[in-house]
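Notes for the one structure printed next.
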Number of protein chains: 2
Amino acid sequence: MPEGRTGQGYGSESLLFLTDEQLRQGIEAMFFAYRGFTADPDRILAEMSYGRAHHRAIHFINRSPGTTVNNLLSILGVTKQSLNRVLRTLIGDGLVISKVGELDKRERHLYLTDQGAALEATLSDAQRARMRAAYKDAGPEAVQGFKKVLEAMMDADMRRAYAKLRD
Amino acid sequence: MPEGRTGQGYGSESLLFLTDEQLRQGIEAMFFAYRGFTADPDRILAEMSYGRAHHRAIHFINRSPGTTVNNLLSILGVTKQSLNRVLRTLIGDGLVISKVGELDKRERHLYLTDQGAALEATLSDAQRARMRAAYKDAGPEAVQGFKKVLEAMMDADMRRAYAKLRD
DNA sequence: GAGTTTATGTCAGTGTTGTTGACATTCCAA
DNA sequence: TTGGAATGTCAACAACACTGACATAAACTC
């Protein structure tokens, strides 16, 4: 069983010795912060009986218009059946359209409709506002550290997906 | 509708102007990182047909032995019915014990059994290992920024709960 | 002491979101 | 051209959140 140092007196300037206490604080910060991170979109979505899964689909379709279902699948990390249920309601409600691929007719390319783009804007405005406030509160020098740790926390395949989206 | 700057050329050293692109990167980093954050415990829990809800309960009972149900409720931010379902299985499986309060007999004080503590150790060892690796990767100077932004992202009540746990 | 509030637990029902299994369609390669 | 791989859809089920209603016991108030 791995054990960190339990003593005191080590600040973040210590490279090698991270106390269990420091690590635990990071873990709990992550837990509470994620709740805040999703709180605003959750509120908006609840009013229209959508959930987080709808938000995620809308977000990444907006990021990569024309993406295929399979593509979206690998980004979201869920089963195709789970994604399909969400897409079905979004398509049914006229927020997303699905076009059969021209080269490969098995593929479906996904796009937001105007209505879908409007919801996306509402959701991401709320989430950006919170992120902007957090960045301001924490100070601009904190932003790089924040992103660095998060990126280091991802599994390799997520890091790839994350990096790909930055292009 | 709030709109960030869409131009380029502003690094994190710019205090006031955060581009939508910077904010979006933070949002997506948060999304992918949280998956990594929970991946290891999720794997362990799945083998014993427990879920994240069990992990959270075990974690915070370990942090504050003897905490009451109500206390736990406000930290976890779920309904009592939802928490009760989880606690019932944990108590039934002998991982948690519930003691009637001495001062106030309405209250139930929660403790981990040896078996519960063993599972908690397994789960938090895995999660700490990932956090330690992420901190090392990102560099020690990143840790403060990471925690600062996360804390700033919390709602006020979560920030209180988080701060309280640090005592 | 009667009535109210607090803390906890339970039952029933519902919704979102994940899962697996089965299946249809399309493409491609042997 | 036939069989397998890729892609997507439908159905059923499980986990875990929610609301609402109700029960019990203890504590508090007047």
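Order of the sequence lines fixes the chain letters, A, B, ..., with proteins taken first and strands second; residue numbering starts at 1 for each chain.
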Short side-chain N/O contact to [N] OP1/OP2 from [X], under 4.0 Å:
X	N	result
Asn70(B)	dT8(C)	yes
His54(A)	dT17(C)	yes
Asn84(B)	dG9(C)	yes

For the residue pair [X] and [Y], confirm or rule out a side-chain donor-acceptor distance under 3.5 Å.
X	Y	result
Thr38(A)	Arg52(A)	yes
Gln127(A)	His59(A)	no
His54(B)	Thr89(B)	yes

- Task: Determine, stepwise, if the pair Glu120(B) / His55(B) fulfils side chain to side chain donor-acceptor pair (under 3.5 Å).
- Result: CA-CA 8 Å; Glu120(B) 197 284 329; His55(B) 183 192; over 6 Å; no
- Task: Could you check Lys80(B) against Val86(B) and say which one's nearest nucleotide on DNA chain D is further toward the 5' end?
- Result: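 The answer here is Val86(B).
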- Ser98(A) vs Arg85(A), nearer the 5' end of DNA chain D by closest nucleotide: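 Its nearest nucleotide being more 5', the pick is Ser98(A).
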Mind calculating the distance between [atom1] ([X]) and [atom2] ([N]) to the nearest angstrom?
X	N	atom1	atom2	value
Glu102(B)	dA25(D)	CD	P	20 Å
Arg43(A)	dC18(D)	CZ	P	14 Å
Leu72(A)	dG8(D)	CG	P	10 Å
Leu110(A)	dT9(D)	CG	P	9 Å
Leu76(B)	dC16(D)	CG	P	13 Å
Asp104(A)	dA29(C)	CG	P	12 Å
Leu90(A)	dT16(C)	CG	C1'	13 Å
Leu83(A)	dT16(C)	CG	C1'	14 Å

Using a heavy-atom cut-off of 4.0 Å across all strands, would you classify [X] as base, sugar-phosphate, or nothing?
X	value
His55(A)	nothing
Leu103(B)	sugar-phosphate
Ser49(B)	nothing

- Between Gly77(A) and Lys105(A), who's closer to the 5' end of DNA chain C by nearest nucleotide?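 Taking each residue's closest nucleotide, the earlier one in sequence belongs to Gly77(A).
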- Item | Per Thr79(A) side chain, nearest of listed nucleotides dA7(C), dT20(C), dG8(D) |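 Shortest atom-to-atom distance from the side chain points to dT20(C).
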- Task: Could you check which of dC18(D), dT10(C), dG18(C) has an atom nearest any side-chain atom of Ser82(B)?
- Result: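 Ranking dC18(D), dT10(C), dG18(C) by closest atom to the Ser82(B) side chain puts dC18(D) first.
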- Query: Looking at side-chain heavy atoms only, is the closest gap between Ile44(B) and Tyr50(B) below 4.5 Å?
  - Reply: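 Counting from C-beta outward, Ile44(B) and Tyr50(B) never come under 4.5 Å.
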- Query: Relative to the ring of Phe60(A), is the ring of Phe32(B) parallel (under 30°), tilted (30 to 60°) or perpendicular (over 60°)?
  - Reply: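 Rings of Phe32(B) and Phe60(A): tilted, 30 to 60°.
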Is the base of [N] touched by the side chain of [X] through a donor-acceptor pair closer than 3.5 angstrom?
X	N	result
Gln81(A)	dG21(C)	yes
Arg106(B)	dT6(C)	yes
Arg88(B)	dG9(C)	no

